[in-house]
Amino acid sequence: MVREGHDAVRGEDERPDPATAAFVAHRNLLFTVAYEMLGSAADAEDVLQETWLRWATVDLAAVRDQRAYLVRITTRQALTRLRALGRRKESYVGSWLPEPLLTSPDVAEDVELADSLSMAMLLVLETLGPTERAVFVLREVFDLDYDEIAAAVDKTPAAVRQIAHRARAHVAARRPRDVASPAETHAALAAFQRAVETGDLQGLLDLLAPDVVLVGDGGGVKQAVLRAVVGADRVARLLAGGLAKVGDRASMGPVQVNGHPALVMRLDGEIDTVVAVRVDGGLITGLYAVRNPEKLSHLVRETAVSR
């Protein structure tokens, strides 16, 4: 497959062949479509592999809109993968969280894209059925028309309109009401980091909403809370106690994850945990701690996303 940063297949004139050129031009978009449908970068990469194999056999002369055609292939492959992922998640140890992506600062400038990539939003998308999720992502995030979406999900345009309406209402009832600005999130995270590093329990309590929820994902490989922990007092004491055990071995620093400020914790210099947050009204209402090593590989370098 043609991968980001790799040289494309080139002919004698040093130009990529048309199929390769089209795939490379839309690769970041296709990855983002697959990732928003799956919440897994590793699975999104596999979907791109499958998309490329199918695209390489297409008669380009018969393709009117290459972008739409590629999105259609990607969506169909992602839907197949999403249904298989649903079965895998049933046997997943503990809570399942999306795989965090290290993103460039400019992703945050596209507010709608950054919102759709946030941990909180991806968890809302997890409550949709596969077809509903595909329709919502393609319509609300990527602004595809109903005819294009219908071709991608094998439904009529009328059926897609109904699915989009239901999905939109479902998401609206569950998504964050007021999206905090990057500056607000950064300030909350900086205060959170200071309180955690200094063991300031009262400082933590002042930052956490009374009904804050902490979700951890260790994948059965690393220790993590198996069920969500609810309540400021419980969450603050759990965090303070856990970090007291590792002491000077731990260090924390800011990163940009999924288009939003986040924290990465290292143990003995190695990435151990990524902490993303949801901030409402200046208080932290959600903490998402990913420790599963299989989900931390995309923090080595930035992942390009686009729409």
Salt-bridge present ([X], [Y]; N to O < 4.0 Å):
X: E45; Y: R81; answer: no
X: D272; Y: R291; answer: yes
X: D268; Y: R266; answer: no
X: E126; Y: R133; answer: yes

- Step through it carefully: locate the ring centre of W52, locate the ring centre of F23, and say whether they are under 6.0 Å apart.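 Here the rings of F23 and W52 have centres that are less than 6.0 Å from each other.
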- Does Y69 have R72 sitting over its ring (NZ/CZ under 6.0 Å from centre, angle to axis within 45°)?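 Yes, R72 and Y69 form such a contact.
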- Could you tell me whether R139 sits above the aromatic face of Y146, with NZ or CZ closer than 6.0 angstrom to the six-membered ring centre and within 45 degrees of the axis? yes
- Message: Would you say that more than 12 heavy atoms from the other residues, nucleotides or ligands in this model lie under 6.0 Å from the NE2 of H186, or not?
- Response: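 It does not: H186 NE2 has 12 such atoms or fewer within range.
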- Task: Compare every heavy atom of V290 with every heavy atom of P98, then report the nearest pair and how far apart it is.
- Result: O-CG2, 4.0 Å
- Task: Might you point out which heavy atoms bring R67 and D65 nearest each other, and give the distance in Å?
- Result: N-OD1, 3.1 Å
- Item | Connected hydrophobic set around L283, excluding itself, where side chains approach under 4.5 Å |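 Members besides L283: none; it forms no cluster.
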- Query: Mind checking whether M37 and V71 sit in one hydrophobic cluster, side chains of I, L, V, M, F, W, Y counted as touching below 4.5 Å?
  - Reply: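 Linked within one cluster.
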- For D115, enumerate each residue passing the salt bridge (Lys or Arg N to Asp or Glu O under 4.0 Å) test, keeping only those at least two apart in sequence or located in another chain. R175
